[in-house]
Amino acid sequence: MGCCFGKRRKEAKGGAQGGAGQDPPAADEEKPPPQYSWDQRAKVDPKDYTFSGLKDETVGRLPGKVAGQQFVIQDCENCNIYIFDHSATITIDDCTSCRIFLGPVKGSVFFRDCKDCKCVVACQQFRTRDCRKLEVFLCCATQPIIESSTGMKFGCFQYYYPELALQFKDAGLSIFNNTWSNIHDFTPVSGENNWSLLPEDATVQDYVPLPTSEELKVIRISTDTMKSIIPITRGGRQKSSEESCLAVFFAGDYTTANARKLIDEMTGKGFLLVQTKEVSMKAEDAQRVFQQSASDFIPLLEKGPVVALEFNGDGAVEGCRSIINDVFSGTKVFVSENKASASQDVDSFYNFADMQMGM
């Protein structure tokens with residue numbers, strides 16, 4: 001084998017040196033420059049990720065057309081603007097009387113010097129500066145911040161189209177982490193309130209209409225609250241009852257589906273969903289939150305984050321425990337044991353979760 005291999009090398013070498021019609025390479029011949037992976041990436045044209053100077057137009061980007069890039073919207077007036085994709089960050093500057101939909105944003109959404117705009121926004125961070133009269137249906141993983149802004153109104157994000165769930169995952173956002181009503185005002189004015197909540201019965205379509213252009217009409221949108229990819233929560237609105245109940249699902253193949261099923265069952269019986277949270281827990285966290293029941297759930301924490309739901313209404317604990325027993329009999333779920341302990345369960349869990357997420 002060694003001789004055979006050596007012979008082939010020799011023949012190949014000889015052929016290379018003595019082949020007819022082949023000139024030896026010049027000593028000073030330039031070698032082609034090396035190719036690196038980053039040289040082969042598609043070049044990004046900022047114009048493809050900018051809407052600027054538009055008036056009385058309907059414009060947008062379809063799923064897959066932004067694909068995690070940054071986007072800029074500026075100097076637009078009376079426009080309908082739709083970003084049906086996930087992005088890195090989005091800035092909106094000097095826009096007036098616009099209707100804006102922004103799909104999941106991995107980082108921040110920053111409105112500056114905007115007025116009289118109606119928006120639907122999902123993001124990790126939300127901030128406004130020098131804005132007036134914005135009405136926002138919001139999903140925000142961290143505490144939304146307004147600065148030097150007045151007449152701001154907020155509601156819970158409610159929207160659906162088939163690609164939206166995957167876009168939330170691509171943006172690294174959980175559908176259960178939404179602090180839409182926990183607004184921090186950097187520049188409060190004594191005796192005045194710069195922000196408030198939209199009416200409970202406010203519907204997205206009355207604020208941000210569905211797109212009518214031929215290009216964007218292909219998106220199969222629903223603004224039905226029952227189909228919303230984000231669970232509709234009461235947030236900071238006053239609770240209707242003194243009784244709440246905490247239910248916690250642990251990581252598994254059907255965690256999201258199970259949580260959504262319980263929400264549907266409970267709200268179908270008239271109970272209110274106050275807040276939701278997805279967060280990782282350690283054994284010591286479980287000891288504080290679940291107390292006597294902790295040993296039953298600690299082994300499940302290694303599988304991933306938990307999903308917690310707070311329901312409110314007279315009879316919430318009994319109703320929730322009944323549904324868990326009937327519908328989720330094969331699934332391990334933490335549920336408040338009684339009305340007396342439920343409020344402590346809720347406070348313990350969400351105080352922990354807020355500290356965990358730096359709220």
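Rounding to the nearest 0.5 Å gives a distance of 10.5 Å between CD1 of Ile229 and SG of Cys139. Note that CG of Asn312 and OG of Ser343 are 11.0 Å apart. Values are rounded to the nearest 0.5 Å. Distance check: Gln143 CD to Asn182 CG gives 4.5 Å after rounding to the nearest 0.5 Å. Taking CD of Gln275 as the start and CG of Leu309 as the end, the distance is 10.0 Å to the nearest 0.5 Å. Put simply, CD1 on Ile73 and CG on Leu102 are 5.5 Å apart, with the number rounded to the nearest 0.5 Å. For the atom pair NZ of Lys332 and CG of Leu300, the computed distance is 6.0 Å after rounding to the nearest 0.5 Å.
Contact detail for Cys79 and Asp56: the closest heavy-atom pair is SG-N, 3.7 Å. Contact record, Phe168 with Ala122: CZ-CB, 3.6 Å, taken as the closest heavy-atom pair. The nearest pair of heavy atoms linking Val307 to Ala259 is CG1-CB, 4.0 Å. The minimum heavy-atom distance between Ala251 and Pro305, with the atom names listed, is CB-O, 3.5 Å. Considering all non-hydrogen atoms of both residues, Ile221 and Phe84 come closest at CD1-CZ, 3.6 Å. Considering every non-hydrogen atom in both Ala88 and Gly68, the closest pair reads CB-O, 3.3 Å.
Remark: Glu318 CD is loosely packed, at most 12 non-hydrogen atoms of other residues, nucleotides or ligands lying under 6.0 Å away. Other residues, nucleotides and ligands contribute only 12 or fewer heavy atoms inside 6.0 Å of the CD atom of Glu302.
You'll find the side chain of Phe111 reaches within 4.5 Å of the side chain of Cys119, heavy atoms only. Between Gln125 and Ile145, every side-chain heavy-atom pair lies at or beyond the 4.5 Å cut-off. Between Leu262 and Val327, every side-chain heavy-atom pair lies at or beyond the 4.5 Å cut-off. In this structure, the side chains of Thr89 and Phe110 stay at 4.5 Å or more apart for every pair of heavy atoms. With contacts defined as side-chain heavy-atom distances shorter than 4.5 Å, the pair Thr150/Val189 does not qualify. In this structure the side chain of Lys277 never reaches within 4.5 angstrom of the side chain of Phe352, judged on heavy atoms. Counting only heavy atoms from C-beta outward, the side chains of Trp180 and Phe157 never approach each other to under 4.5 Å. The shortest side-chain heavy-atom distance between Pro209 and Arg99 falls under the 4.5 Å cut-off.
For Ser97 (side chain) and Asn78 (main-chain N/O), no donor-acceptor pair under 3.5 Å exists by modelled atom type. Using modelled atom types, one side-chain atom of Arg321 and one backbone atom of Ser336 make a donor-acceptor pair closer than 3.5 Å. Side-chain N or O atoms of Thr276 include one that pairs as donor or acceptor with a backbone N or O of Phe176 at under 3.5 Å. The closest donor-acceptor contact from the side chain of Arg234 to the backbone of Lys239 lies at 3.5 Å or more, if one exists at all. Under a 3.5 Å cut-off, the side chain of Thr187 and the backbone N or O of Ser148 do form a donor-acceptor pair. Formation of a donor-acceptor pair under 3.5 Å by the Thr255 side chain with backbone atoms of Phe250 is found in this model. Glu77 contributes no side-chain N or O that, together with a main-chain N or O of Lys55, makes up a donor-acceptor pair within less than 3.5 Å. At distances below 3.5 Å, at least one donor-acceptor pair connects side-chain atoms of Glu243 with backbone N or O atoms of Ala316. Listed for the Asp345 side chain is no donor-acceptor partner under 3.5 Å among the backbone atoms of Cys245. In this structure, the side chain of Asp85 engages the main chain of Gly64 through a donor-acceptor pair within 3.5 Å.
Thr203 and Asp206 share a donor-acceptor pair across their side chains, judged by distance under 3.5 Å alone. Checked by atom type, the side-chain pair Gln74/Ser52 shows a donor-acceptor distance below 3.5 Å. Between the side chains of Tyr161 and Gln167, at least one donor-acceptor pair of N or O atoms lies under 3.5 Å. Looking at Asp116 and Thr96, their side chains never bring a donor and an acceptor atom within 3.5 Å of each other. Between the side chains of Ser341 and Asn338, a donor-acceptor pair is found at a separation under 3.5 Å. In this structure, a donor-acceptor pair under 3.5 Å is absent between the side chains of Ser213 and Thr58. Side chains of Ser241 and Asp314: a donor-acceptor N/O pair is present below 3.5 angstrom, by distance only. For the 3.5 Å distance criterion, the side chains of Thr225 and Gln158 fail to qualify, holding no donor opposite an acceptor.
If you look at Phe137 and Tyr159, their ring centroids are not closer than 6.0 Å. Aromatic pair Phe51/Phe71: ring centres closer than 6.0 Å. For Phe290 and Phe334, the gap between ring centers is short of 6.0 Å.
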> Could you walk me through whether Ile175 and Arg260 pass the side chain to side chain contact (heavy atoms under 4.5 Å, CB included) check?
Replying inline: CA-CA 11 Å; Ile175 63 172; Arg260 297 304 297 255; 3.7 Å; yes

> Phe349 and Val306: side chain to side chain contact (heavy atoms under 4.5 Å, CB included), yes or no, with the steps?
Replying inline: CA-CA 11 Å; Phe349 182 87; Val306 303; 4.0 Å; yes

> Yes or no on salt bridge (charged side-chain N to carboxylate O under 4.0 Å, His left out) for Asp285 and Arg288, after CA distance, side-chain angles and deciding distance?
Replying inline: CA-CA 5 Å; Asp285 304 323; Arg288 289 196 302 272; 2.8 Å; yes

>> Using the rule given for side chain to side chain contact (heavy atoms under 4.5 Å, CB included), can you reason through Arg127 versus Phe186, listing the C-alpha separation, both sets of side-chain angles and the distance that settles it, and then say yes or no?
In response: CA-CA 10 Å; Arg127 187 171 180 179; Phe186 257 143; 4.1 Å; yes

>> What verdict does the side chain to side chain contact (heavy atoms under 4.5 Å, CB included) test give for Phe297 and Val248, after you've listed the backbone C-alpha separation in whole Å, the side-chain angles of each residue and the deciding distance to 0.1 Å?
In response: CA-CA 10 Å; Phe297 303 111; Val248 181; over 6 Å; no

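Between Lys261 and Glu265 there is a salt bridge, since a side-chain N of the basic residue sits under 4.0 Å from a carboxylate O of the acidic one. With respect to the salt-bridge test (charged N to carboxylate O, under 4.0 angstrom), the residues Glu147 and Arg129 do not qualify.
Both Leu164 and Leu216 are assigned to one and the same hydrophobic cluster, defined by single-linkage of ILVMFWY side chains at heavy-atom distances under 4.5 Å. There is a path of hydrophobic side-chain contacts, each under 4.5 Å, that joins Val121 to Val66. Under the 4.5 Å side-chain heavy-atom criterion for ILVMFWY residues, no single connected hydrophobic cluster contains both Ile90 and Leu173. In the hydrophobic cluster analysis, where Ile, Leu, Val, Met, Phe, Trp and Tyr join through side-chain heavy atoms closer than 4.5 angstrom, Val204 is grouped apart from Tyr160. Val274 and Val346 fall into different hydrophobic clusters, where Ile, Leu, Val, Met, Phe, Trp and Tyr residues are linked whenever their side-chain heavy atoms come under 4.5 Å apart, directly or through other members.
The aromatic rings of Phe328 and Phe249 lie perpendicular to each other, with more than 60° between the two planes, well past the 30° mark.
Among the candidates Asp93, Asp130, Asp94, the single residue satisfying the salt bridge (charged side-chain N to carboxylate O under 4.0 Å, His left out) test with Arg112 is Asp93.
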